[in-house]
Amino acid sequence: MFYDVKDQLTQLIDRFCNSRGLPVGKVEFRSIPFSGEWGIAAPLFPLAAADPDKTLPVPKKAQALAEVLKDQVADLPGFSRVEAVRGYLNLYFEPRQYAERVVSAVLKAGEAFGTREKQGKQVMVEYSNPNTHKPLHVGHLRNVILGGSVCNILEASGKKVIRANYIGDIGLHVIKWMCNYETFHQGEQPGKDIMRWMADLYAESDRRFADDPDFQAQVRAYFGRWDAGDAQIHALWEKTRGWSMQGFQQVYELLGEHFDRIYFESDVEESGKVLVEGLIQSGLAEDGRPENPVIIDLDKKLGTKEEYRVAVILRSDGTSLYATKEIPLAIMKFEEYDLDQSIYVIDVRQSLHMKQMSKVLELMGYPWAGKIRHLAYEIVNLPGNVTMSSRDGTVVLLDDLIREATQRALEVVREKNPSLDPEVMQDVAEKVALGAIKYPMVARENTKIVTFDWDSALDFNGQSAPYIQYAVVRANSILRRFNQPVPSEAAFGHEMLPVEVNLIEKISQLPDVILKAAAEFKPSLIATYAFELAQVFNDFYTQCPVLSAEGSARLSRVLLVKAAKIALENGLSTLGIQSPQVM
RNA sequence: GUUUCCGUGGCCUAAUGGAUAAGGCACUGGCCUCCGAAGCCAGUCAUGUGGGUUCGAAUCCCACCGGAAACACCA
């Protein structure tokens with residue numbers, strides 16, 4: 001916030017540098033540690049190091065520069081105090097003015113606080129990418145929450161975002177499911193809980209396929225009929241895929257996710273095969289059929305060594321692969337939309353494939369190939385660094401997790417707040433449970449493995465979404481008791497406590513945090529910020545009376561509480577986490 | 001073998017190259033006649049190893065150690 005103040009300062013420092021023959025642009029601002037008093041600091045070491053006059057060591061030179069600059073900036077308006085300490089020029093804001101500016105800006109912007117005007121071209125983010133006929137597990141959750149959150153953050157930073165979902169609706173897993181269904185569950189219909197039903201049948205077909213050679217043979221025959229275009233099987237496929245999509249839709253609604261464009265794997269299979277033929281014609285791809293697959297030897301083409309390896313783009317029997325379909329999909333995206341960036345939220349294990357794909361597109365001559373970006377994230381493991389495996393039955397199904405967490409949250413709400421209306425209770429429990437589940441998925445860096453364990457997933461204390469939500473509820477409680485309309489212009493005439501200043505400072509950081517998170521595709525920055533803001537708010541809450549405050553402090557603090565609540569809610573919402581008003 | 005990612009207290013995590021490395025969990029002890037105790041306060045404990053770059057390194061570079069992953073027909 002308050003770039004104008006920083007601009008003024010920068011100009012002043014630049015003029016100073018010019019007059020002294022020092023390089024311009026060496027001075028950046030950061031905040032002063034050890035708060036209590038709000039201000040910005042300029043470390044002068046880079047400037048000191050750039051000074052051609054080397055008679056003084058850098059730290060001493062920095063201190064000398066700070067002292068000279070201190071006098072120059074002494075009469076800038078809006079600052080209460082300037083000091084030169086250990087090579088830093090520290091400027092302390094006039095606290096009242098500062099408080100009024102921050103709080104008024106937040107109250108005025110409301111839900112839009114922290115978001116920027118739309119600017120620039122649109123960005124597509126592909127995420128979620130589930131397979132039909134299969135259950136969703138905690139690994140899928142990280143993808144959905146990370147992808148959705150990145151979309152929210154990009155939107156808040158001013159980008160137009162297209163949310164894309166690429167559905168795996170064909171392949172062996174689908175054939176297995178249908179073959180099992182037709183043989184053992186002919187005519188059955190999904191109940192209300194479609195995902196659970198589909199998942200149970202998938203597990204059953206998977207088990208049969210692994211254990212029963214007869215069933216395996218049956219599935220192979222079934223696959224043959226599918227390939228031959230059997231009308232009955234295709235009709236069943238359409239129907240069962242529809243069930244799966246309905247199930248996904250239920251989950252997305254529960255998670256608060258939506259998509260603007262859905263691509264199906266089946267849509268790009270044929271065009272992929274056609275493209276492969278073209279690649280063979282143009283000499284980029286080598287056709288090794290019938291013994292070997294169709295490949296592109298990228299290292300050979302590029303003269304690199306063990307860097308791009310060999311991309312296999314069509315099986316030796318002519319059937320399609322992952323890579324076969326990725327190429328037409330990427331093209332389709334750029335044909336349909338004028339994109340500034342095409343982002344793929346896909347786990348880190350596919351890094352080489354993503355690298356190969358964008359290189360192939362580049363070699364094919366598409367000028368936009370460089371706009372493709374793989375947003376890699378690490379997988380979700382179990383304690384002891386155990387990978388979840390459906391074969392070992394160690395996967396944690398999303399369904400079970402949500403159910404369990406909601407149940408647990410409901411018990412806690414009932415215990416903490418027994419007088420609530422049962423419907424409100426249920427609503428609160430869902431928001432708390434979903435928040436608790438989502439938060440760990442975005443609270444660590446994308447490249448770090450998330451370890452899932454039931455204890456911490458169901459723990460609503462400490463650094464967690466419920467902790468942050470609780471701060472919102474406390475703030476709301478004060479506002480409810482205040483029970484008067486809150487003006488959007490703040491005035492701070494009273495002597496402020498350090499906790500108040502800290503809170504204001506933290507609130508003011510949200511816009512910058514969002515911009516940084518957007519630039520780096522890191523929701524974790526906001527997750528950390530929101531928690532810290534909640535901590536500072538709790539500090540304020542325990543140390544600073546609001547409704548019982550004397551004189552003008554009362555209204556000022558009410559306004560501050562409102563501003564804090566807005567910042568907390570806006571931070572959470574970019575993470576896809578809702579804020580209950582009571583809990 | 002090649003490449004990528006990770007390594008911070010007992011466990012998990014944070015820190016635009018900048019000031020005294022910040023939190024959470026767990027553990028121990030305290031705090032509800034006072035705006036909601038899902039909270040607050042207090043206490044013990046940390047940058048894998050060795051070099052280098054820099055005025056300054058958890059952060060950048062090199063080597064090594066430890067863990068994970070990818071590397072021609074699964075996605």
Side-chain angles (χ1 to χ4, degrees), chain A residues 28 30 32-34 41 43 45-46 48-49 56-62 85-88 90 129 131 168 171-173 265 288 292-295 297 305-317 319 321-326 346-353 355-356 376 378-379 381 383 385 387 409 412-413 415-417 432 436 440 443-445 447-451 455-456 459-464 466-467 469-471 473-482 512 516 520 524-525 527-528 531-532 534-535 538-539 541-549 557-558 561 582-583:
Chain A
E28 288 178 353
R30 46 186 299 110
I32 305 174
F34 316 126
F45 303 99
L56 281 177
V58 170
K60 284 200 168 144
K61 183 87 191 175
V85 179
R86 301 166 72 179
Y88 291 84
N90 292 340
N129 299 8
N131 287 325
L172 181 62
H173 66 281
E265 215 177 309
N292 292 304
V294 180
I295 60 158
D297 191 336
K305 257 171 52 191
E306 296 192 67
E307 190 181 347
Y308 289 93
R309 314 270 169 169
V310 169
V312 181
I313 56 172
L314 197 69
R315 281 202 191 87
S316 50
D317 64 3
T319 57
L321 285 158
Y322 177 64
T324 320
K325 292 164 277 197
E326 279 293 337
I346 302 181
D347 83 61
V348 68
R349 292 173 298 188
Q350 292 182 45
S351 296
L352 178 60
H353 301 274
K355 194 170 143 185
Q356 289 179 333
E378 263 292 358
I379 57 168
N381 268 355
N385 218 359
T387 308
V412 179
V413 177
E415 176 200 324
K416 306 272 183 190
N417 212 340
V432 170
R444 49 198 33 54
E445 283 200 55
T447 50
K448 288 200 174 179
I449 294 172
V450 170
T451 302
D455 283 345
S456 52
D459 186 1
F460 302 149
N461 302 307
Q463 182 165 3
S464 65
Y467 177 93
Q469 290 169 323
Y470 186 65
V473 166
R474 280 178 141 184
N476 186 54
S477 182
I478 291 176
L479 297 172
R480 196 176 51 234
R481 285 167 183 277
F482 180 67
D512 285 339
K516 192 169 180 221
E520 298 175 11
S524 62
L525 298 178
T528 303
F531 174 67
E532 286 168 359
Q535 271 186 317
N538 276 331
D539 245 6
Y541 184 90
T542 47
Q543 288 182 48
C544 191
V546 176
L547 295 177
S548 59
R557 286 176 180 164
V558 168
V561 167
V582 291
M583 64 192 271

Under 4.0 Å protein heavy-atom contact, by nucleotide of nucleotides 69-75 of chain B - B base, S sugar-phosphate only: SSBBBSB

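For Glu326(A), there are no salt bridge (charged side-chain N to carboxylate O under 4.0 Å, His left out) partners at least two apart in sequence or on another chain. With sequence neighbours excluded, no residue forms a side-chain hydrogen bond (donor to acceptor under 3.5 Å, both in side chains) with Thr542(A). Tyr308(A) is linked by a ring-ring contact (aromatic ring centres under 6.0 Å, His included) to nothing, counting only residues two or more places apart in sequence or in another chain. With sequence neighbours excluded, no residue forms a ring-ring contact (aromatic ring centres under 6.0 Å, His included) with Phe460(A). Applying the side-chain hydrogen bond (donor to acceptor under 3.5 Å, both in side chains) criterion to Gln350(A), with sequence neighbours excluded, gives Tyr322(A). Every residue two or more places apart in sequence or in another chain that forms a ring-ring contact (aromatic ring centres under 6.0 Å, His included) with Tyr88(A) is listed here: Phe45(A).
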Are there any protein N/O atoms within less than 3.5 Å of an N/O atom in nucleotides 41-48 of chain B, and if so, which ones and at what distance?
unit_1 : atom_1 : unit_2    : atom_2 : d
C41(B) : OP1    : Asp539(A) : OD1    : 3.2

Tabulate atom names and distances for all N/O pairs under 3.5 angstrom spanning the protein and nucleotides 53-61 of chain B.
none

Enumerate all atom pairs, one protein N or O and one N or O from nucleotides 24-28 of chain B, separated by less than 3.5 Å.
unit_1 : atom_1 : unit_2    : atom_2 : d
G24(B) : O2'    : Gln463(A) : N      : 3.1

Grab the N/O contacts between the protein and nucleotides 6-9 of chain B below 3.5 Å, and write none if there aren't any.
unit_1 : atom_1 : unit_2    : atom_2 : d
G7(B)  : OP1    : Lys448(A) : NZ     : 3.2

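Salt bridge Lys325(A)/Glu265(A): present, at least one basic N to carboxylate O contact under 4.0 Å.
Minimum atom distance to the side chain of Val546(A) is reached by C35(B), of the listed A14(B), A38(B), C35(B). Taking every side-chain heavy atom of Ala41(A) into account, A19(B) is the closest of G36(B), A68(B), A19(B).
Of all non-hydrogen atoms in Val432(A) and Pro466(A), the two that sit nearest each other are CG1-CG, 3.8 Å.
In this structure, CG of Asn381(A) is placed 10 Å from P of A68(B), rounded to the nearest angstrom.
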Dot-bracket encoding of pairs in RNA chain B, which uses [ ] for pseudoknotted crossings and | for another strand, Watson-Crick or G-U under 3.5 angstrom: (((((((..((((....[...)))).(((((.......)))))....(((((..]....))))))))))))....

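Sequence order on RNA chain B of the closest nucleotides to Val450(A) and Tyr541(A) puts Val450(A) first from the 5' end.
No donor-acceptor contact under 3.5 angstrom links the side chains of Tyr470(A) and Asn538(A), judged on distance only.
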